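Structure first, commentary second.
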Amino acid sequence: IDTADNLTKLFDEESIDGIFLNFSDPWPKKRNAKRRLTSPLFLERYKKILAKDGKIIFKTDNKGLFDYSLESFAENGFAVSEVCFDLHSDPVFSVDNIKTEYEKNFSAKGFLINRLVAQVREEK
């Protein structure tokens, strides 16, 4: 087991087709923002290992983290698509969704599941 800090040591450049960020720790305090897996620091690491058409699929029950992540992806060279603020009620995006254990637990407690897909923007 390793940490996301070492991604660029563990994987070759442009070798990963998809990264799934499921229910990451939101690190809600501002001073801990750099620890969020959607912070600029981590997004730069993902850019290095993602294949040309690679995707990041991000799910969370934490609305604050989701809002932060939407901004962070957009500000750091990612195109965001398939944005959904209530995954389980969405007729399109819920079809292929595989529920994690955390997702089942959070949903059962009434939390809405947010989801998005991000890809590195092509340079023009």
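Along the sequence shown, residues are numbered consecutively beginning with 1. Note that the coordinates shown come from a computational prediction; the quantities given were computed from them, not determined experimentally.
Remark: Glu101 does not engage Lys104 in a salt bridge, criterion side-chain N to carboxylate O under 4.0 Å.
Cluster membership for Val92 and Leu116, using ILVMFWY side-chain heavy atoms within less than 4.5 angstrom, is not shared. Follow the hydrophobic side-chain contacts under 4.5 Å out from Phe111 and you never reach Val83; the two are in separate clusters. Hydrophobic cluster membership differs between Ile113 and Val80, with clusters built from Ile, Leu, Val, Met, Phe, Trp and Tyr side chains linked at under 4.5 angstrom.
Note that CG of Asp61 is 4.5 Å distant from CZ of Phe106, once rounded to the nearest 0.5 Å. Rounding to the nearest 0.5 angstrom, the gap separating the OG1 atom in Thr100 from the CZ atom in Phe23 is 4.5 Å. If you take CG on Leu21 and NZ on Lys59, they are separated by 11.5 Å, rounding to the nearest 0.5 Å. Rounded to the nearest 0.5 angstrom, Leu87 CG and Phe93 CZ are separated by 9.0 Å. Between Phe11 atom CZ and Ile19 atom CD1 the span is 8.0 Å, to the nearest 0.5 Å. Distance check: Ile16 CD1 to Tyr46 OH gives 12.0 Å after rounding to the nearest 0.5 Å.
With sequence neighbours excluded, no residue forms a salt bridge (Lys or Arg N to Asp or Glu O under 4.0 Å) with Lys55. Here Lys99 pairs with nothing under the salt bridge (Lys or Arg N to Asp or Glu O under 4.0 Å) rule; sequence neighbours left out.
Below 30°, between 30° and 60°, or above 60°: for Phe58 and Phe66 the angle between ring planes is below 30°, a parallel geometry.
Residue pairs that meet the side chain to side chain donor-acceptor pair (under 3.5 Å) test with at least one member in residues 107-116, sequence neighbours left out, are Glu82-Arg115, His88-Ser107. Under the side chain to side chain donor-acceptor pair (under 3.5 Å) criterion, the residue pairs touching residues 12-40 are Thr38-Ser69, with sequence neighbours excluded.
When side chains are defined from C-beta on, Ser72 counts as touching Pro40, because their heavy atoms get closer than 4.5 Å. Counting only heavy atoms from C-beta outward, the side chains of Phe78 and Lys47 approach each other to under 4.5 Å.
Cluster partners of Leu41: none. The rule joins Ile, Leu, Val, Met, Phe, Trp and Tyr whenever side-chain heavy atoms lie under 4.5 Å apart, and it links nothing here. If you chain together ILVMFWY residues whose side-chain heavy atoms come under 4.5 Å of each other, Ile57 ends up grouped with Phe20, Val117.
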### Message
Checking Phe85 against Leu112 for the side chain to side chain contact (heavy atoms under 4.5 Å, CB included) test, could you report, in this order, the C-alpha distance in whole Å, the side-chain angles of both residues, the deciding distance, and whether it holds?
### Response
CA-CA 7 Å; Phe85 296 97; Leu112 298 179; over 6 Å; no
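Here the side chain of Tyr68 pairs no donor or acceptor atom with the backbone of Pro26 at under 3.5 angstrom.
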